[in-house]
S.K.: 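One structure, pasted below without further comment.
Below, chains carry the letters A, B, ... as their sequence lines are ordered, and counting in each starts from 1.
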Protein chains: 2
Amino acid sequence: MAAAVAVADAEGLAAVSIRRVAAELDARTMTLYSYIGSKEDLLALMLDAVGAEVLVHEPLPSSWREALVMIAWREREMVLRHPWRTDLISQRVAVGPNGLRHVEQKLSVFDGLGLDRLTSWRVLAAFNDYMTGFVVREALERGTPRSEGISDTERAAVAEPYIRELVESGEFPRLAPMIQEGVRGADDNFERGLNWVLDGIEGSLPR
Amino acid sequence: MAAAVAVADAEGLAAVSIRRVAAELDARTMTLYSYIGSKEDLLALMLDAVGAEVLVHEPLPSSWREALVMIAWREREMVLRHPWRTDLISQRVAVGPNGLRHVEQKLSVFDGLGLDRLTSWRVLAAFNDYMTGFVVREALERGTPRSEGISDTERAAVAEPYIRELVESGEFPRLAPMIQEGVRGADDNFERGLNWVLDGIEGSLPR
DNA sequence: TACGAAACTGATACGCTGTACGATATGCGA
DNA sequence: TCGCATATCGTACAGCGTATCAGTTTCGTA
């Protein structure tokens with residue numbers, strides 16, 4: 001599992017094949033199947049391993065909002081360390097013990113707020129959905145590590161005439177300038193969006 | 001492209017192989033390569049095809065909020081028609097003309113609000129991120145069509161002892177009852193979360 | 001109408017994937 | 001030391017994307 005995570009971190013999830021991971025361990029291919037039932041199992045193990053990294057061990061802030069912000073940053077940082085995590089988000093992979101602990105920890109944030117179960121669930125879902133969307137987009141924009149050996153400058157070179165055409169077509173007066181100048185400050189964008197979501201939630205809470 | 005979309009709709013994205021799509025068209029495998037450069041191209045075409053479905057052709061509501069809600073519903077409905085869309089969200093697939101038009105349409109919603117470009121971009125990003133997260137989760141919960149022939153009842157049967165163990169372990173006092181009883185009303189959950197996001201945004205807008 | 005070029009179709013093959021199967025090697029309890 | 005469970009391994013199969021090249025059909029122009 002650690003070997004698989006290492007490969008994924010270094011070369012992306014696509015590089016994680018049974019043969020490759022076995023080679024990394026100086027074992028023959030089929031040897032892995034003594035320990036896992038299928039590749040799906042391996043992916044589930046990888047997911048649970050990195051899931052452990054987002055668990056908060058120190059006491060959470062008593063404010064539900066501060067606690068969620070803390071968890072949010074840990075989640076995002078974990079995904080930045082393991083960008084392949086986002087490739088598995090849309091896949092049905094078994095949730096392991098650390099995944100469950102993580103959900104439970106999030107739910108614990110609402111203790112004492114007097115929320116009914118449906119509302120707790122919805123708050124959690126909205127929070128998770130924003131997080132999912134953000135980290136997926138961020139991972140996409142940063143690009144997978146060593147993605148087909150195409151460097152950023154090469155990519156930009158390919159994109160350039162495409163962008164010029166876009167600007168000159170005049171069909172996208174609002175979009176074109178944004179693409180042209182780019183948007184900086186991922187950290188700020190993350191916080192801004194997160195705060196909008198939390199503001200919205202906070203406004204609907206009983207006080 | 002239409003053949004590929006049909007296969008994906010019916011059997012999931014995994015069923016879309018060059019050989020399979022060719023067979024669907026009564027053509028030999030390599031024939032497809034007269035029209036597309038690679039499978040990636042085919043996926044980009046599929047994406048742009050369904051992207052056309054979310055474009056709003058009638059005039060958008062003048063209220064930015066109502067306009068975004070309208071677009072949000074169209075996006076979600078499109079994904080429900082083509083759940084494989086979520087499998088491509090974390091993949092670097094080329095954006096086609098319809099994708100660009102869609103972004104431009106979203107940006108047009110902010111016309112006249114006097115937002116600077118950075119703020120417009122952030123509002124759009126937050127909206128998109130929530131949408132992405134929601135539809136990915138919803139598609140996951142609904143399951144891919146014909147996913148390995150495992151029916152819902154079978155799945156529930158497999159999950160049952162797992163859930164019982166979860167409840168009895170006592171380690172997940174908050175999560176366990178939620179899994180046990182489930183949470184209904186995807187439409188309501190969608191609107192609730194969307195409104196939280198929009199509330200948060202609205203609160204920060206100049207008035 | 002004839003012809004050259006372009007577009008299309010097709011068979012075959014290569015290297016990759018996950019994994020089923022069966023044979024061998026290893027280590028441990030009796 | 002024996003017997004057996006466990007671990008390891010080689011081989012093989014079906015599927016994938018697609019490179020190559022040869023054969024065929026279609027079409028624009030002279």
Side-chain angles (χ1 to χ4, degrees), chain A residues 1-49 84-94 96 143-150 158, chain B residues 1-49 84-94 96 143-150 158:
Chain A
M1 179 209 75
V5 169
V7 170
D9 286 348
E11 302 171 46
L13 193 65
V16 177
S17 72
I18 299 290
R19 283 170 175 83
R20 174 65 196 280
V21 173
E24 214 71 26
L25 296 167
D26 275 320
R28 280 346 101 194
T29 305
M30 291 310 292
T31 300
L32 294 208
Y33 284 95
S34 299
Y35 303 91
I36 59 171
S38 66
K39 187 180 181 183
E40 207 180 317
D41 287 2
L42 178 60
L43 295 177
L45 288 172
M46 293 171 67
L47 221 54
D48 214 52
W84 49 268
R85 170 66 243 250
T86 60
D87 295 328
L88 292 175
I89 280 178
S90 57
Q91 308 234 3
R92 190 183 287 275
V93 177
T144 53
R146 307 282 92 228
S147 59
E148 296 104 50
I150 300 172
V158 172
Chain B
M1 181 208 74
V5 169
V7 170
D9 286 348
E11 302 171 44
L13 193 64
V16 177
S17 72
I18 299 289
R19 284 171 173 83
R20 173 64 196 280
V21 173
E24 214 71 26
L25 297 166
D26 276 321
R28 277 347 98 196
T29 305
M30 291 309 293
T31 298
L32 294 207
Y33 284 94
S34 300
Y35 303 93
I36 59 173
S38 64
K39 186 178 180 182
E40 208 181 315
D41 287 2
L42 178 59
L43 295 178
L45 288 171
M46 292 170 68
L47 221 53
D48 214 51
W84 49 267
R85 169 68 242 250
T86 61
D87 295 329
L88 292 176
I89 280 179
S90 56
Q91 309 235 3
R92 191 183 285 276
V93 177
T144 53
R146 307 282 91 231
S147 59
E148 298 103 49
I150 300 173
V158 172

S.K.: Is there a side-chain contact between Y35(A) and the phosphate of dT8(D), meaning an N or O under 4.0 Å from OP1 or OP2?
M.R.: yes
S.K.: Indicate, with a heavy-atom threshold strictly under 4.0 Å, whether S17(B) touches base, sugar-phosphate, or nothing.
M.R.: sugar-phosphate
S.K.: Can you tell me how far P of dA7(C) sits from CZ of R28(B), to the nearest Å?
M.R.: 22 Å
S.K.: Roughly, in whole Å, what's the span from OH in Y33(A) to C1' in dG10(D)?
M.R.: 15 Å
S.K.: From the options dC9(D), dT18(D), dG18(C), select the nucleotide whose nearest atom is closest to the side chain of I18(A).
M.R.: dG18(C)
S.K.: Mind calculating the distance between NZ (K39(B)) and P (dT17(C)) to the nearest angstrom?
M.R.: 16 Å
S.K.: For R19(B), which residues count as a side-chain hydrogen bond (donor to acceptor under 3.5 Å, both in side chains) partner, sequence neighbours excluded?
M.R.: none
S.K.: Taking donor-acceptor contacts at under 3.5 Å, does the side chain of R19(A) reach the base of dG18(C)?
M.R.: yes
S.K.: Side-chain N or O of T31(B) versus OP1/OP2 of dC8(C): is the shortest distance under 4.0 Å?
M.R.: no
S.K.: Any idea which of dT19(C), dT9(C), dC9(D) is nearest the S34(B) side chain?
M.R.: dT9(C)
S.K.: Rounded to the nearest Å, what distance is computed from the CE atom of residue M30(A) to the C1' atom of nucleotide dT19(C)?
M.R.: 5 Å
S.K.: In whole Å, I'd like the distance from the CG atom of L25(B) to the P atom of dT9(C).
M.R.: 10 Å
S.K.: So does A44(B) get a backbone contact from the side chain of D48(B), meaning a donor-acceptor N/O pair under 3.5 Å?
M.R.: no
S.K.: What is the distance, to the nearest angstrom, from the CG atom on D26(B) to the P atom on dT9(C)?
M.R.: 12 Å
S.K.: Working to the nearest 0.5 angstrom, can you tell me the gap between I18(B) CD1 and S38(B) OG?
M.R.: 8.0 Å
S.K.: Side-chain donor or acceptor of R20(A) under 3.5 Å from a matching atom on the base of dT17(C)?
M.R.: no
S.K.: Send over the distance from L43(A) CG to dG18(C) C1', rounded to a whole Å.
M.R.: 12 Å
S.K.: If you look at every heavy atom in M1(A) and M46(A), which pair is closest and at what distance?
M.R.: CG-N, 4.0 Å
S.K.: Pick base, sugar-phosphate or nothing for S38(B), based on heavy-atom distances below 4.0 Å to the nucleic acid.
M.R.: sugar-phosphate
S.K.: Only counting residues at least two apart or in another chain, list the ones meeting side-chain hydrogen bond (donor to acceptor under 3.5 Å, both in side chains) with R28(B).
M.R.: none
S.K.: Separation of L42(A) atom CG from dG18(C) atom P, in whole Å?
M.R.: 10 Å
